[in-house]
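Comments concern the structure below.
A note on names: the letters A, B, ... follow the listed sequences, proteins ahead of strands, and every chain is numbered from 1. Because the structure is predicted, anything quoted here is derived from the model rather than measured.
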Amino acid sequence: MSNPYEVLGVAPTASADDIRTAFRKLAKKLHPDLNPGDKSAEARFKELAGAYDLLGDPEKRRRFDAGEIDATGAERPQQHYYRDYAAADGRDPYAEASGFADFADTDDVFADFLRRTRSARANRRGQDLHYRLAIEFAESIAGADKRLTLPDGDILDVKIPPGLVDGQVLRLRGKGAPGAGSGGAGDALIEVEVLADPRFARDGDDLTIDVPISLSEAVLGGRIRVPTPTGEVTMMVPKGSNTGTTLRLKGKGAPLRGGGHGDQFVRLSVVLPKPPDPELEAFVAGWTRGKDFNPREGVAS
Amino acid sequence: MTRQEFLARSGVVTETLEVWLEQRWLIPDETANFSDREVARARLILDLKGDLGVNDEGIDVILHLLDQLHGVRRILAQLRDDVGRDA
C-alpha cells in the first residue's frame, strides 16, 4: 500500500481538519456507490479509506508517524456496496424510472422499447435455454422420442418430428428458465444434429442409396433387399439393369411438409463375382456379340 | 432477515431506522423482511452521513438521483442484452 499522506494528497504536517477535508473531497469523487459503473473506484476508495482510517485517528497516526505500524495496518474488510445490489435482478423497491420517463412518452422505436421493458420487468418471462441433441439419420426421417438429460439432472422429453433436417431447432414451450411474476417460463430451444449415415444421401425430401447387384441379377433381374430408414424392403430389379440404373421406391423418402413423402432412389452398380470366375471368362471369350458392342461409341477419344 | 438482525448487521440504531423508514430511504418487503440490499443501502447512507459529511436533505437528493441512475443503468443493460441477442 502506498503512503497514506500521498493517497490523501496532504503534507505530513497537515492538521486533523486538513486531513478530514481532503478525505471528504476525494471520497465524494471515489465512493463506489457514486460511481456505479467504474470498477476501479472500489480499489481506489478502499485505499483512500484505509489511508483515512490511519491518519484520521490521532493515536494511529502517531504510531504510524513513529513507525510502529505500517500503512497496511488499517485495511478495511471486503465490503458489498449498494451498487452491487442495485444492478442485480429481482425485487427492487427503489427502482426509479423518472430519469428517462420522458423518453418513453415520445413515439419512436426507443420509446417503444422503454415501455416494453418497463412493463416486462415486473413480469419478465424466463430466459430461453439452449441445448444440443444428436440423433441418428434414420430417426430424423422416421421421427423418434428422445430424452435429454439436462446439466441439473432434469430430464426433457423431446419428440423428434419425422423429416427433421440437420441443424433444425425445436422449441419446447415453457421448458426454459422460470420467469418472474406472471411472466411464465422461457422455452427450451434444442438444436438437433443429425448424424450422417454413409449409406444414404438426402436431397430435399428424396433419399438416394447405392446398392450393388450381381451380374446375374443385372442380366436376369430379380428381387433384392434394400435398406430404407424405416427398415428393409424388397424391390424388383428389372431384367437388363445396368450400373447407374436408378429405381424409385415411392414414398420411402422424408415426409413432406403438409402430408405425403418424398421418394428413395436406388442407384444400382453391377459387381462382377469375386474371385474371377473361370466359367464366366470362358463364356465371355466365346461371346462374339459381346465383343461387337462398343459402349464408348459416340465418346470422343 | 428480521429487523433485529438488520440493526445488528448494519450498525444502525432503532430510532435512526424509524426515521429512514419514514423517509422511505429503506423499504423492507411486504413481510417486513430486510435483505442484504437494505444492509448495503444502510451502509451507503452511513457513509454519506459520516465520512462524506452530507446532511439529511443532501442524502435525500443523492438517493433519489442514485435510484434514477440505477434505473437508467438497468434499461441500458437490458438494451445491450436485447441488441446482442438480435445481432
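At a 4.5 Å heavy-atom cutoff, the contact between A/R83 and chain B is made by backbone and side-chain atoms alike. Of the two parts of B/R73, only the side chain, counted from C-beta on, holds a non-hydrogen atom closer than 4.5 Å to a non-hydrogen atom of chain A. With a threshold of 4.5 angstrom between heavy atoms, B/L66 approaches chain A through side-chain atoms but not through N, CA, C or O. In this structure, chain A has a heavy atom under 4.5 Å from the side chain of B/L69, while its backbone stays farther away. For B/L65, no part lies near chain A; criterion is any non-hydrogen pair under 4.5 Å.
The aromatic ring centroids of A/Y81 and A/H31 lie less than 6.0 Å from each other.
Under a 3.5 Å cut-off, the side chain of A/D38 and the backbone N or O of A/S40 do form a donor-acceptor pair. Checked by atom type and distance alone, the side chain of A/D33 pairs as donor or acceptor with a backbone atom of A/Y82 at under 3.5 Å. The closest donor-acceptor contact from the side chain of A/D128 to the backbone of A/D187 lies under 3.5 Å.
No side-chain heavy atom of B/M1 sits under 4.5 Å from any side-chain heavy atom of B/E38.
Counting heavy-atom pairs closer than 4.5 Å to chain A, the top residue among B/L48, B/L26, B/V39 is B/L26. Per-residue counts of heavy-atom pairs under 4.5 Å with chain B were compared for A/A27, A/G37, A/G56, A/P36; the largest is that of A/P36. When B/D36, B/V72, B/V54 are compared by the number of non-hydrogen pairs under 4.5 Å with chain A, B/D36 comes out ahead. Ranked by heavy-atom pairs shorter than 4.5 Å toward chain A, the options B/R41, B/Q68, B/H64, B/R24 are led by B/R41.
The CG atom of B/D51 sits 11.0 Å away from the CZ atom of A/R20 when rounded to the nearest 0.5 Å.
If you check the side chains of A/Y5 and A/R61, you find a donor sitting under 3.5 Å from an acceptor.
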